[in-house]
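Residues take their numbers from the sequence shown, with the count starting at 1.
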Amino acid sequence: MADGPKAYWINVFTSIGDADKLAEYARLATPAIAESGGRFLARGPAAAVLEGAGDADRTTLIEFDSVDAAVACYHSEGYQHALKALGDSATRELRIVRGA
């Protein structure tokens, strides 16, 4: 385990144009993330929208041991392969934040 705070990868899909491409992305991204030490904490549609437009179709929260590990995962060959499968079939925002 790395020293310092954990990091959290927050992936918010604001629109999904092709569910099949999203499924292929998830099939490829899941093992790539796990191989990089990522642990899925939550994924799916919002259980409740308390503020904002509520236009997120899907949100994923993944814990990593460090920001460096999360960034390295994003740039890994496996994850980049998953991104190619997703292509332009979804609009999303991806953030990595340090744990408290």
Walk me through it: do R58 and L22 pass the test side chain to side chain contact (heavy atoms under 4.5 Å, CB included)?
CA-CA 11 Å; R58 179 176 179 79; L22 176 63; 4.2 Å; yes

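- Residues A90 and L86 approach most closely at CB-CD1, 4.0 Å, considering heavy atoms.
- Of all the heavy atoms in A32 and G78, the pair that sits closest is CB-C, 3.6 Å.
- The shortest distance between side-chain heavy atoms of F13 and T59 does not fall below 4.5 Å.
- Residues T30 and R43 meet the side-chain proximity criterion, which asks for heavy atoms closer than 4.5 Å.
- The side-chain contact (heavy atoms from CB on, under 4.5 Å) search around D18 returns D20, K21, S89, not counting sequence neighbours.
- Using the six-membered ring where Trp is involved, W9 and Y74 have ring planes that are tilted, between 30° and 60° apart.
- Using a 4.5 Å cut-off between side-chain heavy atoms of Ile, Leu, Val, Met, Phe, Trp and Tyr, with links allowed through other members, V71 and I10 fall into different hydrophobic clusters.
- Across V67 and A7, no two heavy atoms sit closer than the pair N-CB, 3.4 Å.
- Distance check, rounded to the nearest 0.5 Å: CD of E35 to SG of C73 gives 9.0 Å.
- Both Y79 and F64 are part of a single hydrophobic cluster, where members link through side-chain heavy atoms under 4.5 Å apart.
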Evaluate R39 against D65 for salt bridge (charged side-chain N to carboxylate O under 4.0 Å, His left out), listing each step before the verdict.
CA-CA 9 Å; R39 295 167 298 283; D65 286 338; 3.0 Å; yes

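- Taking hydrophobic clusters as Ile, Leu, Val, Met, Phe, Trp and Tyr residues chained together by side-chain heavy-atom distances below 4.5 Å, I62 does not share a cluster with V97.
- Taking the side-chain contact (heavy atoms from CB on, under 4.5 Å) definition, one finds that L41 meets it with Y8, L61, E63, sequence neighbours left out.
- Taking all atoms of both residues into account, the shortest heavy-atom contact from V49 to A46 is CG2-CB, 4.0 Å.
- Following chains of ILVMFWY side-chain contacts shorter than 4.5 Å, one cannot reach F40 starting from V12, and the two form parts of different hydrophobic clusters.
- Distance CZ/R92 to CG/N11: 4.5 Å, rounded to 0.5 Å.
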